[in-house]
*Asks:* 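What follows is a structure written as C-alpha cells; I'll ask about it next.
By convention in this document, chain letters (A, B, ...) are assigned in the order of the sequence lines, proteins followed by strands, and residues within each chain are numbered from 1.
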4 protein chains.
Amino acid sequence: MSRKLWEGRFRGKTSRFLEEFTASIKSDARMYREDIEGSIAHVRMLRRQGIITAQDEKKIERGLREIMKEISKGKLDLDPSSEDIHMYVEKVLHEKIGDVAGKLHTARSRNDQVATDLRLHLARAGDDIAGLIEKLQRSIAETAHRNRSVVMPAYTHLQRAQAVLFAHHFLAYHEMLSRDRERFCQTRERILILPLGSAACTGTSFSIDRDFVKRELGFRKITENSVDAVSDRDFALEFLFNCSVLMMHLSRMCEEIVIWTSTEFGFLDLPDELCTGSSIMPQKKNPDMAELVRAKTGRAYGHLISLLTVMKGLPLSYNRDLQEDKEPVFDTIDTVVGSLRAVELMVSGMKLNEEKLSKGLEEGFLTATDLADYLAAKKIPFRKAHEMTGQIVQYSVERGKRLDELTLKELKGFSALIEKDVFLHLSPERSVRNKDVPGGTAPGRVTRRLKKALRKSD
Amino acid sequence: MSRKLWEGRFRGKTSRFLEEFTASIKSDARMYREDIEGSIAHVRMLRRQGIITAQDEKKIERGLREIMKEISKGKLDLDPSSEDIHMYVEKVLHEKIGDVAGKLHTARSRNDQVATDLRLHLARAGDDIAGLIEKLQRSIAETAHRNRSVVMPAYTHLQRAQAVLFAHHFLAYHEMLSRDRERFCQTRERILILPLGSAACTGTSFSIDRDFVKRELGFRKITENSVDAVSDRDFALEFLFNCSVLMMHLSRMCEEIVIWTSTEFGFLDLPDELCTGSSIMPQKKNPDMAELVRAKTGRAYGHLISLLTVMKGLPLSYNRDLQEDKEPVFDTIDTVVGSLRAVELMVSGMKLNEEKLSKGLEEGFLTATDLADYLAAKKIPFRKAHEMTGQIVQYSVERGKRLDELTLKELKGFSALIEKDVFLHLSPERSVRNKDVPGGTAPGRVTRRLKKALRKSD
Amino acid sequence: MSRKLWEGRFRGKTSRFLEEFTASIKSDARMYREDIEGSIAHVRMLRRQGIITAQDEKKIERGLREIMKEISKGKLDLDPSSEDIHMYVEKVLHEKIGDVAGKLHTARSRNDQVATDLRLHLARAGDDIAGLIEKLQRSIAETAHRNRSVVMPAYTHLQRAQAVLFAHHFLAYHEMLSRDRERFCQTRERILILPLGSAACTGTSFSIDRDFVKRELGFRKITENSVDAVSDRDFALEFLFNCSVLMMHLSRMCEEIVIWTSTEFGFLDLPDELCTGSSIMPQKKNPDMAELVRAKTGRAYGHLISLLTVMKGLPLSYNRDLQEDKEPVFDTIDTVVGSLRAVELMVSGMKLNEEKLSKGLEEGFLTATDLADYLAAKKIPFRKAHEMTGQIVQYSVERGKRLDELTLKELKGFSALIEKDVFLHLSPERSVRNKDVPGGTAPGRVTRRLKKALRKSD
Amino acid sequence: MSRKLWEGRFRGKTSRFLEEFTASIKSDARMYREDIEGSIAHVRMLRRQGIITAQDEKKIERGLREIMKEISKGKLDLDPSSEDIHMYVEKVLHEKIGDVAGKLHTARSRNDQVATDLRLHLARAGDDIAGLIEKLQRSIAETAHRNRSVVMPAYTHLQRAQAVLFAHHFLAYHEMLSRDRERFCQTRERILILPLGSAACTGTSFSIDRDFVKRELGFRKITENSVDAVSDRDFALEFLFNCSVLMMHLSRMCEEIVIWTSTEFGFLDLPDELCTGSSIMPQKKNPDMAELVRAKTGRAYGHLISLLTVMKGLPLSYNRDLQEDKEPVFDTIDTVVGSLRAVELMVSGMKLNEEKLSKGLEEGFLTATDLADYLAAKKIPFRKAHEMTGQIVQYSVERGKRLDELTLKELKGFSALIEKDVFLHLSPERSVRNKDVPGGTAPGRVTRRLKKALRKSD
C-alpha cells in the first residue's frame, strides 16, 4: 500500500516534485486528532448500519486509537511522502491491521472528510480563542478597576478633547472584545454543520446515518446539499474575518500602548519582562510586544485576502484549490492566540503614571465643551454657545490662562448670562461627573459597568 | 452662518483646497434621509426632556421635513462647500428658520451623529440586499424546479466526476445564499445599536433619553461605552465582509455561466437581452453580465481591505480617518445590488441545453464510483474495490467501451463476486437515484428540498 | 445609429438595466481626450496607408476635434445610454458627419482601443504625479534647510534613541519619494507600449502602420503579441502598486505629523488653514488633513487588491472583466494627487517648536550609544562595552542624573579606561557631529545632501 | 553570554513566552549565509580601518566560516531561545572564540544588519526566480515551436472569436514573463543598495568604509540616509508585488490548462505523472498542479497585503513591526519557485489534441471579422460592413450553414459588392495568414518571434 491510493489507473510514476508540491501533510498534520476522531465516529456508524462488521469496526477503532496516542506522544514520524494527514493515518492503519483498514474509507471521500476535519479543528480553535478573549476582558476590567479613580484626557484626532475616566476609556476595549466573542460564537454555529456523508460531491449509495455521526462529533446540524458541502469554505472565511477584526482591535490598543509608553506621553509603564532593550542603546525600553501585535494584524488581513482570492470564481464542486485553505487558517490561529496572550500580559502588568495623566488635564481646555453646554443650557442656541466658547478659549490662549483661571468678570464680558455657577463646570473632575448618561463617563455609570464586567468573567 | 461652524477660534481662512479635500458631502449626501430622521428623533427627545421648548421643536422639525422633501425632489443643490451632509442640512435649516436652528445640535456631536446615520443607512441597505438575495433564491429554486428531471455530470477539478441532478447542483447556490442572508441578519443586530448620546466621546451633560431615540429610529439597543461608540466601525466591516462573501458566491455561479455558455460546453443559453455582441465579431454572444459580476468581486474585496487598512492601529477615540468609511461602503452597496439583479435576470432567463447535458453523461465513466461501491458492498475492502474499479476503467478506455457496454464475462474477469445486478448500478439515472442520503442527489431528496425552497420564498 | 452598434444579430432588445449595469461611460468619460487623440492618429494612419481617402480623413479629424473642444468646454452632455466613451464619441461623430464616421473603426477593435486610451491616460497621470512628488520633495528640502540647525531625538520603537538633525530625519522622506519617482518613471516605459493594431485579439488584415501611430501618440514601442496586448493590465497594476507605496510613505509622514502635533509631543505646529476645529470642542486644532491622507492609504491598497482580484485566473484573451480596471485606477489617481497636494501644504507650512524638540534631548540618555562606542574604541569588545553602558545608565536612572551630570570618578567606577575626554561624547550636539559617515547625521553630510536636494528640484 | 545581549539594564527576567513570541529565528535562520557573509565583510572593513586588529579579524572570520559550514551541513541545532539568526551566530561565535566575538558588532546595529541580510537574500532569490522564469519561457517557446502549425480558435469572453495559431496564443505568456523578468531586474537594482553603516538610525561615530563593504558583498550603491535605511522595506514590497503579478500570470495559464483539459474542451493532455487521481473516482485525471498554482496566487496577494498593512502609518525610524517582513517574503519565494517549476513541467509535458482544436474552428463563424474587413475594404464604412456581416451570420445560423458554405448568390443578396474572391477570406487558415501585421498571428510573424524567443533563452 505504499503506492498512492489512486494509482490504479495511472501507468507512469508520480514525480517526486509533484509529490512535494501537492502534499499538504506539513500543515494538515495538526488536524490529526480531528481526523482520527472523525474516522472513529464514521466506522461506528458503518457498523451500526451493518455496512461493516462489529469485529472490523473494533479492529479499526483500536488501530486508530493507537495511532492517535502515538502521534500525540511524538512516536510517529509524519511521513512527508504521504499526501496528507488522512492518507498518512490510513497508511499507518494498514501497517497495523492489514487489509481491513481499507474498509475505513467506505461511504466517504477525502472531499467530505477534509471539510469535516477542518470544521472540527476550527470549532475548537474558536473556543480557545473565545476563552483567551474572555481572559483578556477580565484583565482589562481588573486594570480598569484598579485605576478606577484616575481621570485623564480623552483624545480625538490625538488631540486632548475632554476629561474622561481611564476606566471608561479602557472599557472601550472590553466592548470591542465582547463583539469579537459574539462573532466567534455565531460563526461556531455555522462551523459545526457536518459535511460528512456528502462523499465526493453527490452523496453516497450506502445507507449511512449522518445524524449519528453528527451527535458523536458534537456537530449541531448536517449539511443539506452535498455539492455545496464539499465546495464551501465560508466558515473558514468567517473565522479569518473574525480574527482580522480582533487583531485590528488589538492593534488599536497596542498603538495606544506604544504612544503612551513614549517619554513624551509617559502615561504608562510596562513590566521589564515584557519589553526588550536595544543592542546598541542600553537605555531603551522598547514596547516590542505591542509593536509585534500591531504588525501581526497584517498577517490576519493577508490570510483573509489569500483565501478570498482562492475562492473567487471557482466553479463547483470540489477543486484542488481548496487545499490552500489550511495554511492561512492555521497561521492565523497561532497569530491570534499568541497576540491575545501577549496583550493580556501587557494589560495585567501595566502601571499608570497618574502624575503624567493628571498633568494632561491641566492644559488643553478640556472643559470647553462643558462651558458650551453651560451656555446652551442657558437657552443660547448651541451653535451660538459653541462660537462664544471658541472666543473665550481664544481669549484665554492669548492670556496664557486656563478656563478656570478666568474671572467671572472676564467671563461676563462674553455673555451676561454667565453666573458664578459656571465654575462648577470648569474642572475636569466635575466635567466627568456631569456626563451622567447611559454609556457616559460619569463615575457611577462606569462603576456599574465595571461590576458587570468583573462578574461576567467569573 | 456661511462660515464654517467651528471657525470661532481660527484667525486664518480655510483654504479652498482643504475644503474640497476634507469634504465628504459628495458621498455622504446619500444619507440625507437618515440624517434628517435622526435629527427629528433627537429634537423630539430634547423637547420631551425639557431641553428645548415645544415651539422650537416644532419649528425645527417642520424645517427638517421641508428639507427632506426638497432634497428627495431634487430641488436642493447640494452645496459642495458644505463639509458634509450634516453641516449642509443645518445650514439650510438656518436659512429657513433662523437662529433657532442652532439648538438642533444641543447634546450631540458630529461624531455620534455620523455613526448613527451610517448605521441606519446600512441597516436599510442590508434589508434591501437581503430582499434581493431572497428574490434570487426564488429564481434559483424555480429554475431548478423547471429543470427538475435533468441529469448532468457533476464536476470536481472541472473533470466530470459523477451523475447529478441539475436541480441538486443548482440548489448548492441556494444554500450559499441562505448563509449570506443569515450573516446579514446577524450583522443587522450589531448595526442597530444606537451611538447617539455619546456626543464627542465621553457622553453629554444634558439629561437626555437615549432609549426614546432608540425606539423612534427603530434601533435595538444603545451603545454602552461612549468612547467605543464613536470609534467603532466593526458594523461597517462586517457589512463589507458579508458583501465580499456574497460576491464570491455570485462569482462562482458566474464562472459556471461563462464556462457553460462556451460553445464547447454549450450547457446553457442566456437570453439575447442579457448578452452583448462584439463590435468586430458579429457572431459573438458574450456573457458580459456574468463576466462583470465576476470581476466586481474585486471591488468588494478591495473595499473590505480599504476599511480594514483605515482601522488598523488607530488610537481611540474618534479620528478623521473614520470619514474614509463611507465611499467603500456605498460603492459596495451599489455593486452588490446591481450584481444581485444581474444574476437574478440571468438565472430566471437561462435555458438549459438538455441534449448537450445528457451527452456529457455518456462519456467519462461517471458511474465508476457506483461500481466501486457495488464491489465494497460485496465486502471487498473499499480501497481494494477502488483499485479494482480503476483497472476495469483502464480496460474499458483501452477498448473504447463505456462501463455499461462491458459484458458480464468481462467484468467477472476482474472479480467473481460481480453478478448480473451490477448493471443496475452503471447507468447515470440509477446512480442518481442511489444517492439517497440526506443532502444527496436522489430525486426524492431533491424534490423535498425544492418544495421547501419554493415555499420559503413565498 | 442610436441602436447599439453590435445589435445586428440580436433580435431582442437590450434591457435598460443591462445598459446601465454594463456601461462604463460614467468613469471612462475622463479619457475622452486620449480617446479622440488616439482616433485622430488612427485615421491619419489609415489615410497614409490608403485605407481611407484623404477627404474622409479630413472630415473625421475635423469632427473629432470639434467633439474634443465641445466636451472640454462642457457643451456636450455625456449620454448615459452610451456604453462607453468610445461609443459615445463615435455616435456624436455620426451625428456630425454622417456615415463616413463608420470608417473610423476600420482595422481596430474596442479591445485594442480601450487599452490604448488607458495607457495614454496613465502615462499622463503618472507624469502629473511625478511632478507633484518633485514639488513635495522641494518643500521637504526647503523645510529641512529652514530648520537645518535643529537637533532633536531620533526615535526607534517611538522611544527616544539618539540625537539627530531634524533635517536628516526629514530628508528620509525625500529618499522615499525619490524611489517613488524612479518607480513611476520605469513603469512609464511599460505603459507607453502601443497595443493599437492588435484589433480584437489576433491583429488585423488591413495593412496598417503601427509605428506611425506610435510616433504620433508618443508611445515608446509597440506590443509584440496581439493576444497579450488586449489581455494585459500589468501596467495598471504597476501604477496602482506605485501609488500604494507612495501613499504608504505619505501615511508614515502623516502619522508623525499627528503624533508631533499632539500636545504631549508638541514638536510641530500646522497653519490654521490646514486644520479643522471641532463642532463641540472649540479649543481643538485637529490635523485632519494628515489623518485623511493616512486613511486614504486604504483606498490605494484596496484598489490594488481589487484589480489583482479581477485579473486572477482570467483566461485569455479579452474578457469583459477587464472593464473593471478603470474605476480603481481613476480613484487612485485622484486620491494620490489630492494627498500629495495636501502633504505639500502641510510640509511647506509647518513650524517646528524648537524648545520642545531640544527639551526632548535632555532626558532619555540619547548619547548612551556614544558612550558605548567610546568604550569600544578603547578596545573593550563592543558587547562588553554595551553591557557596561547599560550599567552606567541604570546607575544614572537610580540617581536621577543625566549621563553628562555624572562625575569622572563615578564613571571611572565602571571602567578605569574612561578618561576626561568622555565628556566630549556625551552632549547631543557632539553626538550628531560624530556620526560623520556617508548617510549619517553629521551636519556636513546633511548639508551636502540638502544642497543636492535643493538643486535637483530646480 | 547566555543572557540576552541587551539585558544589562533590566532587573527582571524575560518571560519564556515573550522569548518565543518575539523571536524570529524560525524564519530568519534561512538567511544564515547572508548574515555570516555580511559579518565577514564587516570585520574585514573594521580591520582595514584599524578599528580592530588583524589578529582579531582572523579569529572572527575563521569562527564565522566554521559556523557557516556547520549550519550548512546541519551540524548546528538552531537554538530556539536565540532571538534571531544574528544573535544566534554571535552566541555560537562567542562559544568558539571567546570575548573577542564581542568585537564583531562594533559600528553596526541589528537594524542595519537585518536590512542588509534581507536585501542580500532577496537579491539572490530574485536571481533564482529570474532563472526559473527564463527556463519556463524556453519551454513555452519550445512547446509553441513543436506545435507551430496548429490553428485553433482564439477566445474572447470564453467565446470562440477568431482563428489563431496556437503558437501565437501561447507566446502571449512568453510576453508576460518577459515583463516579469524586467520587473525583477529593475527591483534588483533597488534591493542591492547597502544599508550597513546606518547603525541604529543615525550612523556611527566609527570611521567606517561603507564602499568597501558594498564591493565585498556585491551591492550596487550605499543608502544615502541612515534614518530611511533602517525604516525602508520598499524593496521587499516590490519583490512581493513582482511575485504577485507573476503568480497572476501563472494563474491565467493554469486556468486555461484546467479548462482545456476538461472533457468538453479536450484541447490538452497532461502527462500522468503531473496529475492525480481521485480516491473515489478512479477514472478521473485531475490537473491538480494547475489548480494548486492557481490557488497559490492567493498567498502572494495575501503576503503583499500583509506587508503593506505592516508599513501603513509606521512612524520613523526602526520599529519592531518591521520584523514581520520576513515570513511573507520567504513563503512567497517558496511559493513562486515551486509554482514556476510546476508550470514548467506542465508546459514541457503537455500534448495538444489537434483534432479537437481544429474541430473548434469549424463552428463559430470565426471568420466573420474577416468578412467584415473584406466588406470594409470595398469602401463600405466599417460600421455598415459590420452590421451587414451580422445579418449574414444570422442568415447562416438560421440555415445551419457555415460562412464558407453560403453560395455567392446568397452572399450577393446582402451586397452586390461581394465577389468570388470573398471565399479567400472565409477559411480559418487564410484568416490567420491575413493577420500579417506586427504582433499579429500570421505564420511568418509568429515564426520570427519564435526564433527570437528560442535564441534568447539559449
*Asks:* Name the region of A:A442, side chain, backbone, both or neither, that has any atom closer than 4.5 Å to a heavy atom of chain B.
*Replies:* neither

*Asks:* For the pair A:K435 and A:D373, evaluate salt bridge (charged side-chain N to carboxylate O under 4.0 Å, His left out) and give the outcome as yes or no after the intermediate values.
*Replies:* CA-CA 11 Å; A:K435 303 286 163 39; A:D373 284 357; over 6 Å; no

*Asks:* Side chain, backbone, both or neither: which part of A:I222 has a non-hydrogen atom closer than 4.5 Å to chain B?
*Replies:* side chain

*Asks:* Quiz question: by atom type and distance under 3.5 Å, do the side chains of B:N225 and A:H174 form a donor-acceptor pair?
*Replies:* no

*Asks:* Can you tell me which portion of A:L304 sits under 4.5 Å from chain B's heavy atoms? Options are side chain, backbone, both or neither.
*Replies:* side chain

*Asks:* Name the region of A:R190, side chain, backbone, both or neither, that has any atom closer than 4.5 Å to a heavy atom of chain B.
*Replies:* side chain

*Asks:* Fit a plane to each ring of A:Y173 and A:F170, take the angle between them on a 0 to 90° scale, and name the class: parallel (under 30°), tilted (30 to 60°) or perpendicular (over 60°).
*Replies:* perpendicular

*Asks:* Tell me, please, which residues at least two apart from B:E255 pass side-chain hydrogen bond (donor to acceptor under 3.5 Å, both in side chains).
*Replies:* B:R294

*Asks:* Under 4.5 Å from any heavy atom of chain B, what part of A:R210 do you find: side chain, backbone, both or neither?
*Replies:* side chain

*Asks:* Quick one: of B:I305, B:D321, B:T223, B:T187, who has the most non-hydrogen atom pairs under 4.5 Å with chain A?
*Replies:* B:I305

*Asks:* At a heavy-atom distance under 4.5 Å, which candidate from B:G298, B:G440, B:S251 has the highest pair count against chain A?
*Replies:* B:S251

*Asks:* With sequence neighbours excluded, what pairs up with A:H157 under the ring pair (Phe, Tyr, Trp, His ring centres under 6.0 Å) test?
*Replies:* B:Y318

*Asks:* Side chain, backbone, both or neither: which part of B:A229 has a heavy atom under 4.5 Å from chain A?
*Replies:* neither

*Asks:* Quick check for you: among A:M176, A:E182, A:K384, A:E238, which has the greatest number of heavy-atom pairs under 4.5 Å with chain B?
*Replies:* A:E238

